[in-house]
Amino acid sequence: MASRVMREYQKRKKKQWIVVLLSIPVILLFLLQVLDRHLVFIGTVPLAIITVVFLGCVAAFTLVNWRCPNCNTFLGKNISAHRCEECGV
């Protein structure tokens, strides 16, 4: 059972890192647009809306994905968590 839980944890951690890494270009694009309004072909407001919606989806994904595979408790904001604070796995 422990190896199954650890495999699932590793899969979830990998997915979480992928989502975090995909978020960086979106945030950088928005910040660059705010600093230089002629950088991107769409305006700041549409880009802000896209960024907020994207980050909302990232937050929703994190709430669903970043849970202990054993007890389903949210693992918090520490992406390097080595054990669940609730069940100890």
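We're numbering straight along the sequence, starting at 1. Keep in mind that the numbers below use all heavy atoms, side chains included, and drop hydrogens, waters and symmetry copies. Being a predicted model, the structure only gives us computed values, none of them experimental.
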Exercise for review: Please name all residues satisfying salt bridge (charged side-chain N to carboxylate O under 4.0 Å, His left out) with Glu8, sequence neighbours left out, ordered by chain then number.
Suggested key: Lys11, Arg12

Exercise for review: Could I get the full list of side chain to side chain contact (heavy atoms under 4.5 Å, CB included) partners for Ile49, not counting sequence neighbours?
Suggested key: Val45, Val53

Exercise for review: Identify the two heavy atoms, one from Val58 and one from Ser23, that lie closest to each other, and give their separation to 0.1 Å.
Suggested key: CG2-OG, 3.5 Å

Exercise for review: Please collect all ring-ring contact (aromatic ring centres under 6.0 Å, His included) contacts where either partner lies in residues 7-27, sequence neighbours excluded, each pair once.
Suggested key: Tyr9-Trp66

Review point. Leu22: which other cluster members, linking ILVMFWY side chains closer than 4.5 Å, directly or transitively?
Key: Ile18

Point to revise | By side-chain hydrogen bond (donor to acceptor under 3.5 Å, both in side chains) - contacts of Thr51 (at least two apart) | key: none

**Study point:** Atom pair CG/CZ of Asn65 and Phe74 - distance to nearest 0.5 Å
**Key:** 9.5 Å

Exercise for review: Applying side chain to side chain contact (heavy atoms under 4.5 Å, CB included), name anything that partners Glu86, two or more places apart in sequence or on another chain.
Suggested key: Cys71, Thr73, Cys84

Review point. Is there a path from Val52 to Phe61 through hydrophobic residues (I, L, V, M, F, W, Y) whose side chains come within less than 4.5 Å of each other?
Key: no

Exercise for review: Look up atom CD in Gln10 and atom NZ in Lys13, then write down how far apart they are to the nearest 0.5 Å.
Suggested key: 6.0 Å

Exercise for review: Could you tell me whether the side chain of Thr62 reaches within less than 4.5 Å of the side chain of Gln16, counting heavy atoms only?
Suggested key: yes

Practice item. State, with a plain yes or no, whether a side-chain heavy atom of Ile27 is found less than 4.5 Å away from one of Leu55. Key: yes

